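Down below is the structure, laid out as structure tokens.
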Amino acid sequence: MVQIEYNTVKIEVPESWDDITLGFYETFYTEKPEAARERAALVAKICKVDADLLLSWPAEVFNRIVEYIDFLFKDNPASPSPVVEVGRVNYIVPIEDELSLGAWVDADEVQKTGENVLSNILAIVCRPAGEAYDYKNNEARRAMFAALPVSKVLAVLAFFLHCKTVLDRRTAAYTKLAKAYAQLPPNIKPFLSPGGGIRLSQIWPIIKYRALMLLLRYQLQKFLRSCNTVRIKTTPKRRNVG
């Protein structure tokens, strides 16, 4: 913390992620001030000082404060990691398949309420290795994570962000696949019904063959302008007898 004094009033200004707890960070990290007065109010909140008092001070003091808290508005500097250590205990984010239905339900509910989302999510998904999910631990775990400096959880927050990026890519790929399915010819769609897998497996080689033939025809036409390959058939050569 950096201490700044003006007119006998002293305020403490955070200068790194070590100076801000996750619980306090949750109270303002979603705010997106647009007007100048709103930005000043956010800075006052971060420094835990009355906004009107800060507005009464010279702009030079405000600018100095902003220089110290600038780290809050930069990209996460930590490398993604599914592990956060608390009191010599490693709390690990399990892979997707290991999350129980109860954990998924509680995580979804937390995001809907929008209260203490970060610490609540960590409480739900971060557990010591081998520990089964138990919702009764959530409140104590939430308080534990909320009390940590943000620097301790930056890596695991970056991990969640990375997972979201991967999920977004998979969702985009699924959307493209769904659109491609919608554009399938009507005579192909019936084969997608249950039990049609064998027939469907015969269709794709035919489609691939036709596509390759079209490509071959196009390549031939580039070299032989007068060549018409539409009716060309491959027939065995006859041998002259005698």
Side-chain angles (χ1 to χ4, degrees), residues 1-3 10-33 41-51 65 68-168:
M1 287 283 191
V2 175
Q3 193 174 80
K10 297 179 181 179
I11 65 172
E12 291 189 338
V13 180
E15 58 178 338
S16 73
W17 290 111
D18 293 326
D19 298 330
I20 296 180
T21 64
L22 180 62
F24 180 53
Y25 180 62
E26 289 179 299
T27 64
F28 66 82
Y29 82 102
T30 58
E31 295 186 21
K32 297 180 179 179
L42 176 58
V43 172
K45 185 175 184 178
I46 294 172
C47 298
K48 299 180 181 180
V49 63
D50 184 72
I65 294 173
Y68 283 116
I69 66 173
D70 185 56
F71 70 93
L72 290 169
F73 310 104
K74 295 181 179 180
D75 292 336
N76 189 338
S79 300
S81 173
V83 181
V84 54
E85 183 180 351
V86 185
R88 297 185 179 182
V89 177
N90 286 332
Y91 290 83
I92 305 171
V93 181
I95 61 175
E96 183 177 340
D97 292 340
E98 291 182 353
L99 285 180
S100 66
L101 176 60
W104 278 112
V105 170
D106 290 343
D108 182 64
E109 187 64 26
V110 163
Q111 294 181 71
K112 288 180 180 179
T113 59
E115 296 181 1
N116 306 115
V117 176
L118 298 179
S119 56
N120 270 312
I121 290 294
L122 291 180
I124 292 170
V125 303
C126 291
R127 301 186 297 276
E131 180 184 280
Y133 175 69
D134 185 351
Y135 74 93
K136 296 178 181 179
N137 295 326
N138 289 353
E139 183 54 36
R141 295 270 172 87
R142 187 207 66 78
M144 177 188 71
F145 285 118
L148 293 176
V150 177
S151 56
K152 290 280 292 184
V153 296
L154 278 178
V156 73
L157 293 179
F159 176 78
F160 283 128
L161 181 61
H162 173 72
C163 289
K164 182 181 183 301
T165 301
V166 173
L167 179 61
D168 289 343

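It should be emphasised that the depicted structure is a prediction, and the values quoted were computed from it without experimental measurement.
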Determine, for R142 against E139, whether the closest basic-nitrogen to carboxylate-oxygen distance falls under 4.0 angstrom. yes
Look up atom CZ in F28 and atom CG in L42, then write down how far apart they are to the nearest 0.5 Å. 7.0 Å
Validation row: E131, N137 side chains within 4.5 angstrom (heavy atoms): yes
Is there a side-chain contact (heavy atoms from CB on, under 4.5 Å) between Y91 and V156 once you walk through the steps? CA-CA 10 Å; Y91 290 83; V156 73; over 6 Å; no
Would you say F71 has more than 12 foreign heavy atoms packed within less than 6.0 Å of its CZ? yes
Roughly how far, to the nearest 0.5 Å, is OG of S119 from CE of M144? 10.5 Å
I need the I65 CD1 to E15 CD distance, nearest 0.5 Å. 13.0 Å
Sub-3.5 Å donor-acceptor pair from the side chain of N120 to the main-chain atoms of E115, do we have one? yes
Looking only at heavy atoms, the pair that brings S79 and A155 closest together is O-CB, 3.4 Å
Which pair of non-hydrogen atoms, one from V89 and one from P128, has the smallest distance, and what is that distance? CG1-CG, 4.1 Å
Rounded to the nearest 0.5 angstrom, the CD1-CZ distance for I92 and F159 is 11.0 Å
Mind checking whether C126 and V93 have side chains closer than 4.5 Å, heavy atoms only? yes
Passing option when T27 is tested against Y29, Y25, F24 for side-chain contact (heavy atoms from CB on, under 4.5 Å): F24
Which atoms form the tightest heavy-atom contact between I124 and A103, and what is the distance? CG2-O, 3.6 Å
Closest approach of P149 and W17, non-hydrogen atoms and distance? CB-O, 4.0 Å
With a 4.5 Å heavy-atom cut-off, do M1 and P14 have their side chains touching? yes
Between atom CG of D19 and atom CD1 of I69, what is the distance when rounded to the nearest 0.5 Å? 12.0 Å
The side-chain contact (heavy atoms from CB on, under 4.5 Å) partner of L122 among V117, V84, L22 is L22
Please examine the side chains of I121 and Q111, heavy atoms only from C-beta on, and report whether any two atoms are closer than 4.5 Å. yes
Considering all heavy atoms, the nearest A41-A51 contact: CA-CB, 4.2 Å
Note: A147 and T21 closest approach over all heavy atoms is O-CG2, 3.8 Å
Test your reading of the model: is there a side-chain donor-acceptor pair from E26 to the backbone of L118, 3.5 Å cut-off? yes
